[in-house]
Participant: 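Sharing a structure with you now.
In what follows, chains carry the letters A, B, and so on, assigned in the order in which the sequence lines appear, proteins first and then strands, with residues in each chain numbered from 1.
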2 protein chains.
Amino acid sequence: MGKEEKTRLGEQELELLRFVTDRAPVTARDAVAEFGQSKGLARTTVLTMLERLRKKGFLLREDENPPAKYRPAQAKSEVIQGMIADFVERTLGGSPVPFVAYLVQSKSIKAEEAEQLRALLNELEREDAD
Amino acid sequence: MGKEEKTRLGEQELELLRFVTDRAPVTARDAVAEFGQSKGLARTTVLTMLERLRKKGFLLREDENPPAKYRPAQAKSEVIQGMIADFVERTLGGSPVPFVAYLVQSKSIKAEEAEQLRALLNELEREDAD
DNA sequence: ATAGAGTGACTACTGCTGTAGACAAATTGC
DNA sequence: GCAATTTGTCTACAGCAGTAGTCACTCTAT
């Protein structure tokens with residue numbers, strides 16, 4: 001995720017990126033009508049953000065025929081994982097422990113996720129034993 | 001964390017806040033000498049950021065006698081958990097699933113971290129059993 | 001042919017973040 | 001007493017994020 005390492009996304013840009021990632025492919029009009037309207041943003045505000053995201057490399061635009069269609073430059077999961085990696089590195093100093101502590105204390109981890117984490121830890125234990 | 005809901009912190013501000021949170025109480029001179037120098041920042045840059053963080057309510061300053069000492073307005077864990085909560089809400093739409101997926105895929109957990117994670121999961125298990 | 005609708009580019013503004021010099025006042029060392 | 005050092009405030013700039021109006025062009029409906 002080279003581009004993201006060079007630029008930062010603002011709050012609103014992030015949410016627009018997620019919107020497009022969830023709904024791709026999206027026309028500007030779609031984004032204006034749904035994303036923009038739900039946030040009370042002017043048409044040109046949404047257009048500007050789409051263009052900035054495209055210029056930053058987070059969105060791609062297919063515009064052989066109007067209306068142009070936008071989609072994320074990376075698969076949805078990559079977009080999200082890049083953001084998480086970024087957050088963990090910049091805010092938590094690289095350690096995921098405080099994040100898990102938060103999830104445990106806020107009781108937002110469900111049994112399935114806890115199970116996945118246990119499986120991961122077991123696998124790491126096996127690898128360390130090798 | 002009412003203040004943080006009103007303002008956002010930039011990257012550098014965040015790291016300075018973490019530095020002060022880790023080392024409290026900290027004089028401006030400490031911050032300039034350690035934080036600033038490690039990042040190649042001018043003295044007045046660090047001073048400005050300290051003052052902005054104080055004005056935003058993230059730092060408190062005891063200045064009955066020079067040199068003033070800075071400390072976080074909230075306990076370290078609260079600062080961190082507030083940021084995580086913020087991130088989960090804004091970037092992950094409230095769901096911990098993408099973070100768990102990130103942990104599973106990143107394979108970057110250190111042994112010490114794995115141990116701490118195990119303890120957290122054990123705690124979760126105990127709570128679920130109650 | 002023309003009005004209306006849709007589209008995308010251009011432009012511009014505010015406040016914030018990151019950055020840092022200049023300055024005055026207080027303190028310290030000689 | 002004075003120079004040097006330390007401290008904190010004031011000020012200012014560039015670039016970015018968020019915001020949005022205007023305009024020209026294309027397409028559509030009449």
Participant: Regarding B/Arg61, tell me which of base, sugar-phosphate or nothing describes its non-hydrogen contacts under 4.0 Å with the strands shown.
Facilitator: sugar-phosphate

Participant: Roughly, in whole Å, what's the span from CG in B/Leu41 to C1' in C/dG21?
Facilitator: 15 Å

Participant: Give the rounded distance in Å between these two atoms: CD of B/Glu11 and C1' of D/dA17.
Facilitator: 14 Å

Participant: Between the protein and nucleotides 26-28 of chain D, are there any N/O to N/O pairs under 3.5 Å, and if so, what are the atom names and distances?
Facilitator:
none

Participant: Examine B/Val88 and B/Val104 and state if one hydrophobic cluster contains both, with Ile, Leu, Val, Met, Phe, Trp and Tyr joined whenever side-chain heavy atoms are less than 4.5 Å apart.
Facilitator: yes

Participant: Mind calculating the distance between CG (A/Leu9) and P (C/dC16) to the nearest angstrom?
Facilitator: 20 Å

Participant: Using a strict 4.0 Å threshold on nitrogen-to-oxygen distance, state whether B/Arg54 and B/Glu51 make a salt bridge.
Facilitator: yes

Participant: Under the side chain to side chain contact (heavy atoms under 4.5 Å, CB included) criterion, do B/Phe19 and B/Val26 qualify, and how do the steps go?
Facilitator: CA-CA 9 Å; B/Phe19 171 84; B/Val26 165; 4.0 Å; yes

Participant: Can you tell me how the ring of A/Phe99 sits relative to the ring of B/Phe87, calling it parallel under 30°, perpendicular over 60° and tilted otherwise?
Facilitator: perpendicular

Participant: Calculate the interatomic distance between B/Leu17 atom CG and C/dT17 atom P; express it in whole Å.
Facilitator: 13 Å

Participant: Closest approach to the side chain of A/Met49, judged atom by atom: which nucleotide of D/dT7, D/dT19, C/dT19 is it?
Facilitator: D/dT19

Participant: From the options C/dT19, D/dT7, D/dG18, select the nucleotide whose nearest atom is closest to the side chain of A/Glu13.
Facilitator: D/dG18

Participant: Base, sugar-phosphate or nothing for A/Arg52? Non-hydrogen atoms, less than 4.0 Å.
Facilitator: base

Participant: Which heavy-atom pair separates A/Pro72 from A/Ala24 by the least distance, and what is that distance?
Facilitator: CD-CB, 3.6 Å

Participant: C/dT17 P sits how many Å from B/Arg54 CZ, rounded?
Facilitator: 16 Å

Participant: Examine the base of C/dG8 for any acceptor or donor lying under 3.5 Å from a partner atom in the side chain of A/Arg43, and report the outcome as yes or no.
Facilitator: yes

Participant: Return yes if the base of C/dA20 and the side-chain atoms of B/Thr48 contain a donor-acceptor N/O pair under 3.5 Å, otherwise no.
Facilitator: yes

Participant: Between C1' on C/dG8 and CG on A/Leu47, what's the gap in Å once rounded to a whole number?
Facilitator: 7 Å

Participant: Heavy atoms from C-beta onward define the side chain here; which of C/dT7, D/dG8, D/dT19 lies closest to that of A/Thr45?
Facilitator: D/dT19

Participant: Identify, with sequence neighbours excluded, every residue that meets salt bridge (Lys or Arg N to Asp or Glu O under 4.0 Å) alongside B/Glu13.
Facilitator: B/Lys56

Participant: Give the cluster check for A/Leu120 versus A/Leu92: same hydrophobic cluster or not, with ILVMFWY residues linked at side-chain heavy-atom distances below 4.5 Å.
Facilitator: yes

Participant: Starting at atom CG of A/Leu50, determine the distance to atom P of D/dG18, rounded to an integer number of angstrom.
Facilitator: 13 Å

Participant: Below 4.0 angstrom from OP1 or OP2 of C/dA20, is there any side-chain N or O of B/Thr44?
Facilitator: no

Participant: Distance check needed: D/dG8 P versus B/Asp63 CG, whole Å only.
Facilitator: 8 Å

Participant: When you measure from the side-chain N and O atoms of A/Lys56 to the phosphate of D/dC16, is any distance below 4.0 Å, counting only OP1 and OP2?
Facilitator: no

Participant: Decide, yes or no, whether a salt bridge links A/Arg23 with A/Asp30 under the criterion of side-chain N to carboxylate O below 4.0 Å.
Facilitator: no

Participant: Could you say whether B/Glu51 or A/Gly40 is positioned toward the 5' end of DNA chain D, judged by the nucleotide with the nearest heavy atom to each?
Facilitator: B/Glu51

